[in-house]
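Below: one structure, written as structure tokens.
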Amino acid sequence: MSAPTTVAPQPSTTDASTSLTKPVNGKRADKVFKGIATVCGVLILVVLAAVAIFLLVRAWPLIGGNRKEVDATISSFTGGAATNFWAYVGPLVFGTVLVSALALIIAFFIAIGIALFISHYAPKRLAAVLSYVVDLLAAIPSVIYGLWGGIVLVPAIYPFWNWIAEHLGFIPLFAGPAANPPRTVATVAVVLAIMILPIITSISRDIFLQTPKLLQEAALGLGATKWEMIKLAVLPFGKSGIVSASMLGLGRALGETMAVLMILSPGMSYSFKLLQASQNQTIAANIAAQYPEANSLGVSVLIGTGLVLFVITFLVNFAARKITQKASVK
């Protein structure tokens with residue numbers, strides 16, 4: 001009796017064609033995605049270069065124009081307080097950096113505290129509600145903050161600034177008397193801090209939530225308290241994200257226009273007196289204030305100050321990128 005013969009299963013034509021098609025389609029999708037990503041990356045550089053070229057071209061009458069006409073225009077802007085471009089833009093740069101730095105100092109620690117509360121302390125339902133509120137605050141237009149600051153905050157905050165001036169006036173920053181109404185750098189810094197608070201909070205919250213669970217559980221397993229776990233695991237993990245969030249907030253504060261224009265009583269001095277009016281002005285608010293009445297050469301002067309702001313913002317973001325890279329390496 002003959003032994004039964006076994007027939008080896010033959011690979012189906014459908015399976016073979018499928019196995020060949022999947023790698024081909026995958027490689028094609030990779031190439032398409034790579035091409036789209038490359039175009040998007042190049043587009044960012046093109047837009048950045050276009051903005052820089054626009055600013056240079058429109059500011060060229062200031063750079064290469066008649067110095068006497070330029071100085072006369074600048075003198076008309078300042079009532080004779082400045083007679084050349086650098087004397088004009090210097091106080092504006094000082095005011096811009098001062099207001100933005102104060103806003104970042106006020107907002108930073110509050111934002112980190114809120115982000116940690118949402119990510120590690122609040123119950124899930126409360127955390128969800130707070131997250132929605134933070135995202136909503138980030139979407140409010142700056143003109144709304146300016147209206148709120150000018151109508152509500154300015155009269156309401158005067159007693160506090162007056163108390164600061166009376167009790168801490170020996171510190172040059174708080175030298176009194178406090179202006180009434182307090183349309184000062186201190187008030188504007190509070191409004192800008194509220195504006196950038198949601199940006200820093202939202203990004204920091206997302207970074208803290210991405211901290212590996214095993215890393216947190218290991219710290220707790222070694223006997224660390226919750227705060228010690230956050231200090232040893234969460235904050236070091238999110239260091240680069242915190243820096244990035246802070247620089248994004250600072251970038252918005254540097255370029256803010258309407259809120260500053262609607263609240264601040266402008267001045268053209270190098271002054272650290274935060275509670276006195278008519279001391280400082282920012283570049284963006286000055287452009288908005290002077291632009292409607294400026295002639296063609298005046299517009300070039302204002303765009304020249306915008307070019308200076310563009311360079312400052314670029315340098316701030318470049319420095320932030322370097323700090324982030326170092327933090328990531330550590």
Side-chain angles (χ1 to χ4, degrees), residues 44-103 142-143 146 179 183-185 188-189 192 247 250-274 276-319:
I44 293 175
L45 297 177
V46 170
V47 171
L48 183 66
V51 172
I53 292 171
F54 164 79
L55 292 173
L56 284 170
V57 170
R58 294 301 302 271
W60 187 252
L62 164 69
I63 300 170
N66 187 298
R67 301 310 325 158
K68 290 184 178 180
E69 293 181 0
V70 172
D71 293 345
T73 301
I74 292 173
S75 181
S76 69
F77 279 164
T78 62
T83 56
N84 61 74
F85 179 73
W86 294 112
Y88 176 58
V89 77
L92 297 176
V93 172
F94 177 84
T96 301
V97 174
L98 177 63
V99 171
S100 303
L102 286 173
S142 61
V143 68
R183 297 185 175 276
T184 61
V185 167
V188 172
L192 291 185
M247 292 304 104
L250 180 61
R252 179 173 185 183
L254 286 170
E256 180 51 43
T257 304
M258 290 308 300
V260 179
L261 182 65
M262 298 170 73
I263 297 172
L264 183 63
S265 176
M268 295 292 291
S269 62
Y270 295 93
S271 174
F272 285 99
K273 297 177 180 179
L274 306 182
Q276 296 185 17
S278 303
Q279 299 295 312
N280 307 103
Q281 176 66 303
T282 67
I283 293 176
N286 182 71
I287 293 173
Q290 299 286 357
Y291 183 83
E293 299 179 359
N295 56 21
S296 59
L297 184 57
V299 171
S300 296
V301 172
L302 295 176
I303 292 178
T305 62
L307 179 61
V308 173
L309 180 60
F310 177 83
V311 172
I312 292 172
T313 306
F314 178 81
L315 292 176
V316 167
N317 284 280
F318 180 79

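As the structure is a computational prediction, the values presented were derived from the model and not from experiment.
Listed by chain and number, the residues in a side chain to side chain donor-acceptor pair (under 3.5 Å) with Ser300 amount to none (sequence neighbours excluded). Annotation: ring-ring contact (aromatic ring centres under 6.0 Å, His included) contacts of Tyr291 (sequence neighbours excluded): none. Listed by chain and number, the residues in a side-chain contact (heavy atoms from CB on, under 4.5 Å) with Leu102 are Leu98, Val185, Ala189, Leu274 (sequence neighbours excluded). Applying the side-chain contact (heavy atoms from CB on, under 4.5 Å) rule to Val97 yields the partners Val93; only residues at least two apart in sequence or on another chain are considered. Here Glu256 pairs with Ser142 under the side chain to side chain donor-acceptor pair (under 3.5 Å) rule; sequence neighbours left out.
For residues 84-103, the pairs satisfying side chain to side chain donor-acceptor pair (under 3.5 Å) are Tyr88-Asn286, with sequence neighbours left out.
Arg67 contributes a side-chain N or O that, together with a main-chain N or O of Leu62, makes up a donor-acceptor pair within less than 3.5 Å.
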Checking side-chain contact (heavy atoms from CB on, under 4.5 Å) for the pair Thr305/Ile287: CA distance, chi angles, key distance, verdict?
-> CA-CA 8 Å; Thr305 62; Ile287 293 173; 3.6 Å; yes

Does the side-chain contact (heavy atoms from CB on, under 4.5 Å) test come out yes or no for Ile74 and Thr83, once each step is laid out?
-> CA-CA 6 Å; Ile74 292 173; Thr83 56; over 6 Å; no

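Contact between Ala285 and Val260 at its shortest, heavy atoms only, is CB-CG1, 3.8 Å. When all heavy atoms of Ala288 and Thr257 are compared, the closest pair comes out as CB-CG2, 3.5 Å. Between Val70 and Pro61, the shortest heavy-atom distance links the atoms CG2-O, 4.0 Å.
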Got a list of side-chain donor-acceptor pairs under 3.5 Å for residues 261-270, not counting sequence neighbours?
{"unit_1": "Ser265", "atom_1": "OG", "unit_2": "Ser278", "atom_2": "OG", "d": "3.0"}
{"unit_1": "Ser269", "atom_1": "OG", "unit_2": "Gln279", "atom_2": "O", "d": "2.7"}

Using distance only, find each side-chain donor-acceptor pair of residues 309-319 under 3.5 Å and give its atom names and separation, not counting sequence neighbours.
{"unit_1": "Thr313", "atom_1": "OG1", "unit_2": "Leu309", "atom_2": "O", "d": "2.9"}
{"unit_1": "Asn317", "atom_1": "ND2", "unit_2": "Thr313", "atom_2": "O", "d": "2.7"}

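Arg252 CZ to Leu192 CG: the interatomic distance, rounded to the nearest 0.5 Å, is 9.0 Å.
Arg183 CZ: more than 12 foreign heavy atoms inside a 6.0 Å radius.
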